[in-house]
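Structure first, commentary second.
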Amino acid sequence: MRAIEQESGDLLEELDDAYKLLRKTQEELIIKEKLSMAGGLAAGVAHELRNSLNIIGISVQYLHDKFNPGDERREFTKAIMNKVEKLNSVTTDLIHFARPQHPQFKKANIHKILDRTLSLVKFKCIVQKVRVVRNYAANSPCIEIDNELMEQVTLNLIDNALWAMPERGKLIIGTRMFDDNNLIEINFTDTGCGMPRKDVSCIFDPFFTQRENGTGLGLSIVHRIIETHKGSIDVESELKKGTTFRIRLPALQKE
Ligand SMILES: Nc1ncnc2c1ncn2[C@@H]1O[C@H](COP(=O)(O)OP(=O)(O)OP(=O)(O)O)[C@@H](O)[C@H]1O
Ligand SMILES: [Mg+2]
């Protein structure tokens, strides 16, 4: 009797594990499908937009230069120029998002990439009184990645974390090796606004944003890049407490 109970218990556990795996795979498939649909659409729109924006940008700059300094019409041309710049950056995001990736994998040191990204946002951290803590693994893990793409990942995640902490907070960036040094984990923890559970399930969807000036493409791009690197990304968040993004990538064994 005991043996049967034990066996059915084991079976139930196995079934439960299989069910969880199925759910996770299903969720990933849905994300993939949404991304590829939005990607095709975005590519077409972005190219069209960028060409027109170029012409608007050049024309308004021409007008702006024609008006003397102090001419109040300059305020209008300046406003148009600012908006053109903003739209340009949105379309650049869209093009990044839609561009088929041809990654160039090279051996790299992830700590260097993290440090480089942090140096880009150093000033912003000071202004927002955000303390940065680096919890790096003692040995510099060597991985094979596309440097430029991975910088996009780190920049997007840090940019989001800083948005979540507009006035003071702590950003902890950690790395650790595990699974017999076969995997490297990079985590980004902030003490920012966090997210409600319903948002957590949408954040990798293209165009999902809660930011006033956001395009909602940052995390979709991140997701795609991590996938290209055969890694995984997940998130844990608590409203008003903070958020952790965890990336796992296959590591390279050092010879
Ligand atoms: N660290 C974080 N803390 C709280 N909310 C976050 C965090 N990171 C992402 N989010 C939520 O996920 C949404 C989507 O993020 P995503 O980076 O994809 O787009 P975005 O930052 O809004 O715009 P952009 O395209 O400019 O990056 C954000 O608008 C925000 O609501
Ligand atoms: Mg973002």
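First listed ligand is number 1; within each ligand, the first listed atom is number 1. Numbers here simply count residues along the sequence, with the first being 1. Every value quoted in this text rests on a predicted model; they were computed, and no experiment measured them.
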Per-atom filter on ligand 1: closer than 4.0 angstrom to a heavy atom of Thr209 are 20 (P), 22 (O), 29 (O)
closest protein heavy atom to atom 19 (O) of ligand 1 is Gly216 CA, 3.2 Å
In ligand 1, the atoms that come under 4.0 Å of a heavy atom of Arg211 are 20 (P), 21 (O), 22 (O), 29 (O)
With heavy atoms and a 4.0 Å threshold, my read on which part of Met195 contacts ligand 1 is side chain
request  = Measure from the Mg ion (ligand 2) to each N, O or S atom of Thr215 and report whether any distance is below 2.8 Å.
outcome  = no
For residues Phe208 and Ile221: do they belong to one hydrophobic cluster (side chain heavy atoms under 4.5 Å, members Ile, Leu, Val, Met, Phe, Trp, Tyr)? yes
If the threshold is 4.0 Å, N to carboxylate O, is there a salt bridge linking Arg211 and Asp159? yes
Using a 3.5 Å cut-off on N or O atoms only, is Leu219 in polar contact with ligand 1? yes
Residue, atom and distance of the protein heavy atom nearest atom 30 (C) of ligand 1 read Trp163 CZ3, 3.6 Å
Quick note on ligand 1: atoms under 4.0 Å from a heavy atom of Gly214 include exactly 23 (O), 26 (O)
Asn160 versus ligand 1: do any nitrogen or oxygen atoms come within less than 3.5 Å of each other?
yes
**Report entry** Test of proximity, Gly194 against ligand 1: N or O pairs below 3.5 Å
**Finding:** no
**Prompt:** ligand 1 and Gln210, any nitrogen or oxygen pair closer than 3.5 angstrom?
**Reply:** yes
Residues passing the salt bridge (charged side-chain N to carboxylate O under 4.0 Å, His left out) test with Asp115, sequence neighbours excluded, are Arg134
Ranking Val200, Ile203, Asp205 by closest non-hydrogen atom to atom 12 (O) of ligand 1, top hit is Ile203
* Looking only at N/O atoms, are Ala164 and ligand 1 under 3.5 Å apart anywhere? -> no
Under 4.0 Å from one or more heavy atoms of Thr215, ligand 1 contributes atoms 23 (O), 24 (P), 25 (O), 26 (O)
With sequence neighbours left out, the residues meeting salt bridge (charged side-chain N to carboxylate O under 4.0 Å, His left out) with Glu151 are Arg116
Atom 14 (C) of ligand 1 sits nearest the protein heavy atom Phe208 O, 3.2 Å
Can you find a non-hydrogen atom of Phe188 under 4.0 Å from ligand 1? no
Short version for Asp190: what comes under 4.0 Å of ligand 1, heavy atoms counted, is side chain
In terms of relative ring orientation, are Phe245 and Phe204 parallel, tilted or perpendicular, with 30° and 60° separating the classes? perpendicular
